[in-house]
Amino acid sequence: MIEYHENKEIIARRIARFFHGGEVVNLGIGLPTLVANFIPKDKTVILQSENGLIGLGPAPEPGKAHKDLTNAGFMPVTILPGGAFFDSATSFGIIRGGHVDYTVLGVLEVDQEGNLANYKIPGRMVPGMGGAMDLVAGSRIVIAATTHCEKSGASKLKRRCTLPLTAAKEVDIVVTDVGYFKVEGGVFVLKEWFEPYTPEWIKEHTDADIVLAPDCRKAEL
Amino acid sequence: MIEYHENKEIIARRIARFFHGGEVVNLGIGLPTLVANFIPKDKTVILQSENGLIGLGPAPEPGKAHKDLTNAGFMPVTILPGGAFFDSATSFGIIRGGHVDYTVLGVLEVDQEGNLANYKIPGRMVPGMGGAMDLVAGSRIVIAATTHCEKSGASKLKRRCTLPLTAAKEVDIVVTDVGYFKVEGGVFVLKEWFEPYTPEWIKEHTDADIVLAPDCRKAEL
Amino acid sequence: MTEKRVISAAEAAKLVKEGMTVHVGGFLGCGSPDSVIAALAEQGTTNLVLVCNDTAVLDQKGGRISGVAPLVANRQFRKVIVSHIGTNPETQRQMNAGETEVELVPQGTLAERVRAAGFGLGGILTPTGVGTEVEQGKQKISLSGKDYLLETALSGDVALVKAKKADKAGNLVYSMTARNFNPLMATACPVVIAEVEELVEIGGLDPDEVHTPSIFVTYLVQSESGRPS
Amino acid sequence: MTEKRVISAAEAAKLVKEGMTVHVGGFLGCGSPDSVIAALAEQGTTNLVLVCNDTAVLDQKGGRISGVAPLVANRQFRKVIVSHIGTNPETQRQMNAGETEVELVPQGTLAERVRAAGFGLGGILTPTGVGTEVEQGKQKISLSGKDYLLETALSGDVALVKAKKADKAGNLVYSMTARNFNPLMATACPVVIAEVEELVEIGGLDPDEVHTPSIFVTYLVQSESGRPS
């Protein structure tokens with residue numbers, strides 16, 4: 001019997017593989033931020049930060065933080081040579097206008113129709129949507145990044161989201177710590193599974209319809 | 001008997017008097033451009049040009065024209081210290097957003113409801129509205145600048161415009177070479193007359209309803 | 001160009017009166033007009049409506065407070081119109097207690113609504129929020145088979161913005177990600193107070209590098225907290 | 001950042017194909033991508049749709065020609081969507097002869113329609129044109145007692161813009177009033193060709209002074225006509 005263990009690193013590692021160089025990518029706060037650590041040095045992925053910059057660099061060296069240079073999570077960052085700053089209207093113009101190739105966001109629930117809920121648990125947690133609604137509605141390809149199961153064991157992939165939606169039918173790809181799925185035709189199409197899990201285990205532990213892609217395979221990560 | 005003679009200078013001279021300093025003003029091509037010549041040197045009027053600058057200065061000295069610095073009529077200009085450049089969306093944002101205090105425009109017809117026609121004579125002359133429609137709709141105070149009569153002798157002030165409108169009910173002030181009028185309550189209210197004309201002459205030679213303002217007076221120009 | 005009046009942070013705060021709608025620049029405190037905010041907190045004016053990206057950071061345990069959070073802690077707002085309150089638990093407490101009304105607006109929509117107000121547009125059509133709670137009570141318009149929400153202009157009474165540099169005419173230049181909502185807020189209110197770190201003479205800025213042209217700015221305030229680091 | 005391909009004006013012209021909608025920056029020729037326009041005139045591609053502020057200056061008597069006017073003279077456009085044709089009598093002649101369709105759009109509305117396309121908005125609500133011929137066939141929307149026209153986004157296939165400086169990543173900086181529609185056109189098409197006078201290495205531009213961020217730009221062309229004067 002396979003026991004589930006949360007593994008955020010494998011999610012970040014798999015998502016980093018989508019990028020071949022030249023893509024413009026927005027990484028959400030939390031888990032998605034980890035993706036930056038796994039992009040190979042020889043691949044130039046251009047990171048956009050919705051608070052107003054393109055060409056996001058790594059965290060500054062200790063003592064080198066500048067009060068006027070933060071990411072959307074208010075953490076000090078750097079900008080790479082060739083980067084640019086802009087105001088919030090331009091930043092979301094870039095996002096809404098389809099000039100961001102990929103957005104990677106965290107998940108409370110994601111369903112097989114491509115609906116995403118990640119900004120609100122009514123009565124319990126209402127942080128606000130920030131830029132998430134624009135990012136999901138506007139980016140060309142939306143990747144939902146999430147551990148496969150709740151602490152309770154419940155699947156975060158659903159037939160139908162029950163929480164308020166961040167956006168309707170916009171999610172293209174879901175990467176969890178058990179596999180990588182495309183959202184197509186109203187089901188989760190399993191493209192890759194990650195050891196030690198198996199397609200059978202995934203079907204059993206997901207509260208949604210899973211279909212195996214014709215080229216479904218085990219991924220080496 | 002008073003004979004009518006076109007006098008553009010007097011129009012420009014009177015309009016220049018509206019400004020006390022600090023106003024943001026857009027001067028249209030043609031007659032309105034003359035206004036700049038009559039603004040006293042000690043009054044700082046800030047000129048906006050809809051092609052993308054604020055702080056429009058005088059024409060450059062001979063040989064000093066720069067290909068990248070023109071007004072909306074494609075004539076070489078200069079920029080004053082403290083001026084700024086911006087793109088066309090910002091330029092019309094400034095205009096439409098009410099950040100331009102006065103716009104001064106030329107006229108084909110203007111009527112007592114404040115309607116202005118100045119961009120098209122169907123079948124004869126269709127230059128396009130350029131920025132005029134936005135300027136008239138957006139500026140806080142719209143001044144129509146026009147010779148009082150056509151070459152034919154017909155009045156350019158009308159009961160009702162017959163040409164396609166540039167904007168409906170937006171004109172606040174009309175200055176011609178015979179007097180200065182406010183558009184109020186569906187009539188032209190004569191505020192000042194310019195010698196050698198008289199209120200009687202003006203009433204006779206205007207194809208619209210003229211009411212004398214209580215403080216109507218002869219202007220010394 | 002005419003020079004703008006340079007006033008103190010306390011004088012700036014006096015321009016904000018009970019019941020007013022106040023647009024404040026800054027993103028979680030980055031690029032916030034901290035000196036004017038401190039003076040407004042000191043002044044204590046209440047019943048305000050805030051338009052801002054967020055209610056910034058209020059971390060009482062960690063002792064971290066930023067942006068408009070002091071005004072939230074002071075309960076100076078009757079209502080906040082923001083995209084995010086997650087880093088300021090006090091906002092959520094006030095909301096749950098019925099003390100403060102919270103209107104959550106997607107960040108890109110907020111930016112466009114403020115810009116629309118400043119630029120004389122009635123509103124804009126955005127795909128953001130279609131199929132979510134955000135569409136409630138809004139007109140939905142379909143163009144070429146795609147649905148959009150009609151989001152209306154959002155103007156205010158006084159804008160408080162923060163720039164790195166200004167000339168005495170009021171032209172503003174922002175620094176890095178401290179730009180964020182500042183240039184937008186500066187368009188949308190009849191009174192615009194710009195807190196600046198560095199004030200130069202007229203002619204001291206390249207007219208091609210100006211981010212906010214002087215005509216948007218009413219008053220200048222020399223920043224006390226935000227001098228160059 | 002990745003470097004953008006630097007191509008010749010002739011190679012740039014080849015990207016413009018029959019029937020395409022082409023967005024061109026410039027205001028009566030100020031800030032026009034003259035080298036690419038010359039190559040496109042040479043190439044002779046027809047049946048194009050132009051989106052531009054104007055059809056520029058064509059004064060055959062005075063021997064003055066600017067901006068897109070050579071393409072108009074060549075009859076390369078099936079339709080022009082512009083705010084002004086008054087300085088190019090040939091446009092009016094073609095319009096009256098039924099050779100070219102002319103759609104006149106108020107300048108501020110044109111700017112917002114192009115920006116809306118680039119920024120993912122379906123359209124905007126503007127008071128401009130209410131009560132005029134411009135409102136024909138458009139949805140009128142009343143908000144708080146004021147009427148607005150719904151003006152829709154205007155996208156294209158290829159944008160031709162002109163900047164003063166670029167770095168090799170494609171970040172653009174414009175010069176003075178040569179900026180005009182260029183930054184807007186650069187957002188609204190999937191292929192954006194930027195003709196530049198000066199090309200610097202990556203890192204050679206201050207990220208605060210960039211007017212058009214590199215991600216909007218597909219190709220760079222070294223300007224032949226527009227070297228610094």
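To the nearest 0.5 angstrom, C/Thr45 atom OG1 is 6.5 Å from C/Gln76 atom CD. Considering CG of B/Leu53 and CZ of B/Phe86, their distance stands at 6.0 Å, rounded to 0.5 Å. Atom CD1 in C/Ile37 sits 7.0 Å away from atom SG in C/Cys52 (nearest 0.5 Å). Here the CG-CE distance, from C/Asp157 to C/Met20, works out to 5.0 Å after rounding to the nearest 0.5 Å. Between the CD atom of C/Gln43 and the CG atom of C/Leu15 there is a distance of 9.0 Å, given to the nearest 0.5 Å. Here the OG1 atom belonging to C/Thr91 is positioned 10.5 Å from the NE2 atom belonging to C/His84, to the nearest 0.5 angstrom.
For the pair C/Met1/B/Ile46, a side-chain contact is recorded, criterion being any heavy-atom separation below 4.5 Å from C-beta on. No side-chain heavy atom of B/Phe194 sits under 4.5 Å from any side-chain heavy atom of B/Thr176. The side-chain heavy atoms of B/Ile143 and B/Val174, taken from C-beta on, include no pair separated by under 4.5 Å. At a threshold of 4.5 Å between non-hydrogen side-chain atoms, the residues C/Val221 and C/Val196 do not count as touching. A 4.5 Å side-chain heavy-atom check between B/Val211 and B/Leu190 finds every atom pair outside the cut-off.
Contacts between residues 72-81 of chain B and chain C, counted as heavy-atom pairs separated by less than 4.5 Å, involve B/Ile79, B/Pro81. Residues of residues 6-38 of chain B lying under 4.5 angstrom from chain C, judged on non-hydrogen atoms, are B/Gly22, B/Val24 by number. Interface with chain B: from residues 103-121 of chain C, residues C/Arg115, C/Gly118, C/Phe119, C/Gly120, C/Leu121 qualify, criterion being any non-hydrogen pair under 4.5 Å. Residue-level contacts of residues 114-139 of chain B with chain C do not occur; threshold 4.5 Å between heavy atoms.
When each of B/Lys156, B/Arg159, B/Arg160, B/Lys158 is checked for a salt bridge (Lys or Arg N to Asp or Glu O under 4.0 Å) with B/Asp111, only B/Arg160 meets the rule.
Put simply, the side chain of C/Glu195 gets close to the backbone of C/Ser35: a donor and an acceptor are under 3.5 Å apart.
Taking chain B as the reference chain and counting heavy-atom pairs below 4.5 Å, the highest number among C/Leu205, C/Asn171, C/Asp167 is found for C/Asn171. Comparing B/Gly55, B/Gly98, B/Gly82, B/Gly83 by how many heavy-atom pairs each has under 4.5 Å with chain C, the most go to B/Gly82.
No side-chain donor-acceptor contact under 3.5 Å links C/Thr128 and C/Tyr148.
The shortest non-hydrogen separation linking C/Leu199 to C/Gln222 is CB-OE1, 4.3 Å. Of all the heavy atoms in C/Thr218 and C/Lys4, the pair that sits closest is O-CD, 3.6 Å.
Electrostatic pairing of B/Lys218 and B/Glu192 does not count as a salt bridge here, judged by no charged N lying under 4.0 Å from a carboxylate O.
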